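Chain letters run A, B, ... following the sequence lines, proteins first and then strands; every chain starts at 1. We use all heavy atoms of the structure for the numbers below, so side chains are in, but hydrogens, waters and symmetry mates are not. All of these numbers come straight from a predicted model, not from anything done at the bench.
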2 protein chains.
Amino acid sequence: MTSKDDASLSRKEQILDAAAALFAEKGYYKTTTAEVARSVGVTQPYVFHFFTSKESLYLAVLERAHLRILDAFTTVNAPPEQLAERMGKAFVELLLSHRDEILLVMMSYTTPEPAVRARTRQEFDIIYERVKLRFEQAGLPDAADKASVFIGHGLLIAMSETLDLPHLCRWRDKPSTKF
Amino acid sequence: MTSKDDASLSRKEQILDAAAALFAEKGYYKTTTAEVARSVGVTQPYVFHFFTSKESLYLAVLERAHLRILDAFTTVNAPPEQLAERMGKAFVELLLSHRDEILLVMMSYTTPEPAVRARTRQEFDIIYERVKLRFEQAGLPDAADKASVFIGHGLLIAMSETLDLPHLCRWRDKPSTKF
DNA sequence: CAATAATGATTTATTGATAAATAAATGGAT
DNA sequence: ATCCATTTATTTATCAATAAATCATTATTG
């Protein structure tokens, strides 16, 4: 059930999965289309049968991850005083279930490829607005500020995971009071 | 006074400055040593007269920026209830005076080059510990948590600057209540 | 039912570009 | 004539991307 090269997945999905893992680990420039192909067990040119370019492959991975995050935040339902905490928990759960994709999203803002920047910009804007809206609708004061802090915390988690500096933030021990 | 290709600077310093600007704008992989050279007005191989590799050039830039940040946080002096705010202000001032370097540091955690990761890891650890220590010495409760939030906010600022999404955090308007 | 055509999946082979790094040469100032 | 700054010329490697060939499977016809 650990979703490893499942034969039930379409080639395209397998490629997306492998790409997510590699891009998250090594970043856009250091992962080659050949590696993605090898990781799936196909040849490099075959990747281009499904995606017109390396960039479009990356964007496809990003899109999937973005939708997952947005969905998680939208789905959460909780009373106002627990909302932020529950949304934080949803984020952490996503981090545990789809680590690669989440870290990829949180790191994408540093990828200077214009198309990637543009998409990341747009997606973070959407996520921020969604978080803010939820806080507003719950009647929380300073919703915009709370949304900012929320995302800042997400970035911190991503950094501490990426650099393996767990003591920078301890969401692992007490998953309650955070966020 | 805007420190542009000052002839009074040594070639090595000029190269460091140009590299900082380019690395911050285009990231490690997309900036070439040839561009750095051209930006200074020398030839590409000459860069290797000062730095043994592209990587060591990047690390040198990173080191300089790291020291600047650390120094800024160490220098700030304020009563406990204003400490975080003043340190935040110091960070923002640094962002205004040395934008390239600061953004570079805040983005470096996503550069998968092993040596860069290791250094970034080490430097963020040092910065975090310094911030935490200052909060502790000021007698502030939950110093570790406050240090985390502080750095999270720094990351958010870097992202909102990089993606040009100013409304994600408004440190530009009211520089007081933040941090 | 066998032979064959057509279709889709996938591979082999190749190209063209870019960039880091090295080595050797030049030129001017002591 | 030597030393430092700097350049020209070249090497080597890596990748994304394309084109053409092959293999397998299903559908079609005689």
Parallel, tilted or perpendicular: which fits the ring planes of Tyr46(B) and His49(B), with parallel below 30° and perpendicular above 60°? parallel

What are the residues of residues 19-26 of chain B, sorted by number, that bring a heavy atom to within less than 4.0 Å of DNA chain D? none

Are there any protein N/O atoms within less than 3.5 Å of an N/O atom in nucleotides 5-7 of chain D, and if so, which ones and at what distance?
{"from": "dT6(D)", "atom 1": "OP1", "to": "Arg11(B)", "atom 2": "NH1", "distance (Å)": "2.9"}
{"from": "dT6(D)", "atom 1": "OP2", "to": "Tyr46(B)", "atom 2": "OH", "distance (Å)": "2.4"}
{"from": "dT7(D)", "atom 1": "OP2", "to": "Thr43(B)", "atom 2": "N", "distance (Å)": "2.9"}
{"from": "dT7(D)", "atom 1": "OP2", "to": "Thr43(B)", "atom 2": "OG1", "distance (Å)": "2.9"}

Using chain A heavy atoms and a threshold of under 4.0 Å, write down where along DNA chain C the contacts begin and end, 5' to 3'. dA9(C) to dA13(C)

Is there a donor-acceptor pair closer than 3.5 Å between any side-chain N or O of Lys12(B) and the backbone N or O of Phe51(B)? no

Taking Thr32(A)'s backbone N and O only, do any of them form a donor-acceptor pair with Glu35(A)'s side chain (distance below 3.5 Å, no angle check)? yes

Kindly assign one of parallel, tilted or perpendicular to the pair Tyr29(B) and Tyr29(A), based on the angle between their ring planes and the thresholds 30° and 60°. tilted

Indicate, with yes or no, if the rings of His153(A) and Phe150(A) have centres closer together than 6.0 Å. no

Donor-acceptor pair, distance only, cut-off 3.5 Å: does the side chain of Arg130(A) make one with the backbone of Phe73(A)? no

Could you tell me the separation between the OH atom of Tyr28(A) and the P atom of dC15(D), rounded to a whole number of Å? 13 Å

For Glu25(A), is there an ion pair with Lys30(A) - N to carboxylate O distance below 4.0 angstrom? no

In plain terms, say whether Glu129(A) and Lys132(A) are close enough for a salt bridge, that is, a side-chain N and a carboxylate O under 4.0 Å apart. yes

Candidate pair Tyr58(B) and Thr31(B), rule side chain to side chain donor-acceptor pair (under 3.5 Å), full reasoning: CA-CA 11 Å; Tyr58(B) 187 89; Thr31(B) 75; over 6 Å; no

Is a side-chain donor or acceptor of Arg117(B) paired with a backbone partner of Tyr109(B) at a separation under 3.5 angstrom? yes

Please determine whether a side-chain nitrogen or oxygen atom of Thr33(A) lies at a distance below 4.0 Å from atom OP1 or OP2 of dA16(D). yes

